[in-house]
Amino acid sequence: MVSVKYFAWVRERVGMGEEDIALPASVETAGDFIDWLAARDDEFAFLNEQKLVVRVAADQQMVSLHDDIRGAAELAVFPPMTGG
Amino acid sequence: MVSVKYFAWVRERVGMGEEDIALPASVETAGDFIDWLAARDDEFAFLNEQKLVVRVAADQQMVSLHDDIRGAAELAVFPPMTGG
Amino acid sequence: MACAITVSVVGERIDPARVFDAFDTSSADDDGAIAQFCGRCRGESGRLTALEIEHYPGMAEAQISSAASNAASRWPISRITVIHRHGKVHPGETIVMVLAASRHREAALEAVQYVMDYLKTDAPFWKREWLTDGTQGPWVEAKASDDKAHKRWEQP
Amino acid sequence: MACAITVSVVGERIDPARVFDAFDTSSADDDGAIAQFCGRCRGESGRLTALEIEHYPGMAEAQISSAASNAASRWPISRITVIHRHGKVHPGETIVMVLAASRHREAALEAVQYVMDYLKTDAPFWKREWLTDGTQGPWVEAKASDDKAHKRWEQP
């Protein structure tokens with residue numbers, strides 16, 4: 001099981017702040033993870049078109065869509081950051 | 001008569017902070033002014049070798065050695081500035 | 001050169017004068033330069049009543065610390081402090097402060113600029129507007145100019 | 001854009017926290033950014049007991065005002081304050097403060113940097129060292145790096 005967190009408008013669109021997910025072995029990269037979420041149900045389908053917009057963190061480190069995320073205990077999906 | 005001010009090590013070497021001088025009509029530029037001071041007496045002779053080091057202000061505006069200073073009410077000679 | 005790094009992410013109102021005073025009075029004799037930046041909530045000419053800042057606890061602190069460490073390895077700074085607010089922030093209130101001390105001005109000023117540019121694009125905070133009419137406004141969009149500002153620090 | 005410029009040259013000790021607080025609390029709602037620089041007297045690892053700062057009254061204020069006006073015409077800043085000390089300044093005491101407010105960070109930070117670079121080379125102040133053994137030390141020499149820092153702002 002991996003703990004998955006959603007922030008800002010991603011959180012609002014998926015309708016929850018976090019959940020625990022058992023990812024299938026076929027999910028190897030951050031891009032696979034987004035594709036898998038988008039296919040899972042209607043609330044997540046928007047991720048298909050937002051795949052190049054949203055950011056993914058694995059164990060609180062930013063990752064690219066092609067990065068391997070297997071073994072991460074915590075994943076997060078969120079919009080581009082607007083801090084500072 | 002023009003009021004002339006000296007600052008920092010220029011002030012120390014000439015031995016005074018200010019004086020009033022009647023400049024001859026031959027003194028047209030800031031460079032002429034330094035040359036005239038240097039020739040005036042021994043305390044000012046060091047200005048010959050410091051001519052390209054010291055700065056001149058005319059009526060509280062920085063001037064270059066070739067700038068015309070005729071008509072200025074106040075002249076000043078000082079080292080490169082080290083404020084801030 | 002050892003650099004003392006202090007990072008905090010807070011939900012309470014920041015008192016910027018107090019933060020600066022604490023930093024200033026604990027400076028060493030040889031800290032000839034202190035640079036500081038304060039980012040404040042803008043009222044947008046009366047359009048906004050607040051910005052609400054969401055953050056990713058843990059990762060926010062980690063990303064800011066990473067920015068501060070990068071700055072400390074890049075410039076000879078003796079101390080750097082970063083404090084970032086989350087929650088609802090009203091116009092005029094401080095969102096972020098970055099302070100850096102160094103012997104000379106260039107290092108302190110550039111370190112502050114670097115950390116600010118990094119925070120804008122890489123620290124997990126998201127701002128949403130609250131409007132004067134009492135309704136929730138949109139999420140603030142990321143700016144291309146911030147990406148550009150970040151990129152200028154990338155080394156070849 | 002109108003910019004409020006405040007310049008002072010003072011013989012008394014500067015309280016930097018008070019200067020910052022006054023600037024911060026009188027900022028407008030749309031001043032999203034406040035950048036600040038404090039230049040302090042260094043002890044040079046115990047070698048110095050003070051710096052004595054001589055200035056050219058009148059011209060010092062005029063040159064600082066000119067730097068601040070240049071900054072205001074170059075960047076969209078709403079306020080800029082510069083305060084410079086003269087007389088005997090001890091390690092840790094503030095020699096100069098520059099504060100700028102703007103909507104966005106780039107303008108405020110660059111305006112502060114610009115004014116500092118200008119002051120170092122063009123404002124009529126001269127520093128002399130006072131040594132820990134009680135004797136008067138040499139006049140501080142102008143640095144080539146300051147001329148270079150100034151020149152980077154010259155427009156083609």
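The analysis underlying the following values was restricted to heavy atoms, covering all of them including side chains, and did not include hydrogens, waters or symmetry mates. Chain naming here is simple, since letters A, B, ... match the order of the sequence lines and numbering starts at 1 in each.
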Any Lys/Arg nitrogen of D:Asp29 or C:Arg40 sitting under 4.0 Å from an Asp/Glu carboxylate oxygen of the other? no
Please state whether the side chain, the backbone, both or neither of D:Phe20 comes within less than 4.5 Å of a heavy atom of chain C. side chain
Could you check which of C:Ser27, C:Gly39, C:Gly92 has the highest count of heavy-atom pairs closer than 4.5 Å to chain D? C:Ser27
How far apart are the C-alpha atoms of D:Arg105 and C:Asp146, what are their side-chain angles, what is the distance that settles it, and do they pass the side-chain contact (heavy atoms from CB on, under 4.5 Å) test? CA-CA 11 Å; D:Arg105 71 188 184 287; C:Asp146 285 331; 3.1 Å; yes
Whatever's closer than 4.5 Å to a heavy atom in chain C on D:Ala28 counts as backbone
Interatomic distance, C:Phe37 atom CZ to D:Leu109 atom CG [nearest 0.5 angstrom]: 5.5 Å
Here the gap from C:Leu99 atom CG to D:Cys38 atom SG, rounded to the nearest 0.5 Å, amounts to 9.5 Å
CE-CD distance between D:Met97 and C:Gln36, expressed to the nearest 0.5 angstrom: 8.0 Å
Looking only at heavy atoms and a cut-off of under 4.5 Å, which of D:Gln113, D:Glu93, D:Arg18 has the most pairs with chain C? D:Gln113
Give, for atom SG of C:Cys41 and atom CG of D:Asp31, the distance between the pair rounded to the nearest 0.5 Å. 12.5 Å
So, the part of D:Val96 with a heavy atom under 4.5 Å from chain C: the answer is neither
Note: vs chain C, highest number of non-hydrogen pairs under 4.5 angstrom among D:Asp15, D:Asp117, D:Thr94, D:Ile95 is D:Asp117
In terms of heavy-atom contacts, C:Ala17 and D:Asp21 come closest through CB-OD1, 3.3 Å
Just to be sure I understand the criterion: a residue of residues 42-53 of chain C counts if one of its heavy atoms is under 4.5 Å from a heavy atom of chain D. Which ones qualify? C:Arg42, C:Gly43, C:Glu44, C:Ser45
Given side-chain contact (heavy atoms from CB on, under 4.5 Å), test D:Met116 with C:Glu106 step by step and report yes or no. CA-CA 10 Å; D:Met116 279 306 305; C:Glu106 299 81 6; over 6 Å; no
